[in-house]
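Have a look at the structure below before the remarks.
No hydrogens, no waters, no symmetry mates; every other heavy atom, side chains included, goes into these values. Quick caveat, the model's predicted, so the values are computed rather than measured.
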Amino acid sequence: KQTGCFIDTTETTAQAYKLCALKGKCSDAKAIASDANYNKKAKQAHPINYVKWAQAVAYCAHKAGRLCTEAEWELAARGPAGLVYPWGNGAASCALAMYSGCGAGTVKADTLANGKSPYFALHMAGNVREWVADWYDAKWYSKQGNAVVSDPKGPKSGFTKVVRGGFYGSSSTQIRASARAFVGPKIAAASIGF
């Protein structure tokens, strides 16, 4: 049985996350690193970065939502046609995504509208990698065989969580809608948001 879901059209911004922290619903995401968006006035409209998986989960709960499953994220990025990139099957360019060679660091979460997905979500390729709900297992889907037909759920446990979408330092191959990566859930990095 497949169920519907909603996805935000932009990555969660530093400003939105900061408001959640000020309300006491999210833990502080302050980072000493020079590329942390949280405390930079000029970066409040950029995606939040340096957030751990549990911080992303807490923010979503505060908004009466949840992180997408990996399958939901991929559907939102590829659309029903199974596109290579969110914008289609054409090559990546800096007019469509923030990835390696397009500049240093993140850009505002509501930019690069020509790179939107079929469901109007922005930056599903590049800018920051996005946490999803699933644990990572490189062979999970192949182990399931034909049992997984629609809306598959990932493993029930693991050591690392899935991140999707690539980031501003990723290659054009790494920002493909099918590309997967994994990170320990307690890691907070410049390249990870949600």
Problem set entry | Gap between atom CG of D28 and atom OH of Y38 - 0.5 Å precision | 4.0 Å

Problem set entry | Min side-chain heavy-atom separation P118-L83 under 4.5 Å | yes

Exercise. Would you find a donor on one side and an acceptor on the other, under 3.5 Å apart, between the side chain of N89 and the backbone of V84?
Worked result: yes

For this session: Give a yes or no on whether the backbone of S172 and the side-chain of Y85 come within a donor-acceptor separation of less than 3.5 Å.
Result: yes

Exercise. Is there a donor-acceptor pair closer than 3.5 Å between any side-chain N or O of H123 and the backbone N or O of V107?
Worked result: no

Exercise. Near K52 NZ, under 6.0 Å, is it more than 12 heavy atoms from other residues, nucleotides or ligands?
Worked result: no

Exercise. Do the side-chain sulfurs (SG) of C102 and C94 come closer than 2.5 Å?
Worked result: yes

For this session: Say whether, by atom type as modelled, one donor and one acceptor occur between the side chain of E74 and the main chain of A71 under 3.5 angstrom.
Result: no

Exercise. Short question: side chain of Q44, backbone of N37 - any donor-acceptor pair under 3.5 Å?
Worked result: yes

Exercise. So, S117 side chain and A121 main chain: donor-acceptor pair closer than 3.5 Å or not?
Worked result: yes

Exercise. Has the side chain of Y50 got a donor or acceptor atom that lies under 3.5 Å from a matching backbone atom of A33?
Worked result: no

Problem set entry | NZ/NE/NH1/NH2 to OD/OE distance under 4.0 Å, E70 and K161 | no

Problem set entry | Exceeds 12 heavy-atom contacts within 6.0 angstrom, atom CZ of F182 | no

Problem set entry | Main-chain N/O of N127 paired to T106 side chain as donor or acceptor, under 3.5 Å | no

Exercise. Hey, does the side chain of W73 reach the backbone of M124 with a donor-acceptor pair shorter than 3.5 angstrom?
Worked result: no

Exercise. If you measure from NZ on K116 to CH2 on W87, what distance do you get to the nearest 0.5 Å?
Worked result: 12.5 Å

Exercise. Is the backbone N or O of A177 less than 3.5 Å from a side-chain atom of R164, with the two atoms forming a donor-acceptor pair by type?
Worked result: yes

Exercise. About how many Å separate OG of S157 and CG of D137, when rounded to the nearest 0.5 Å?
Worked result: 9.5 Å

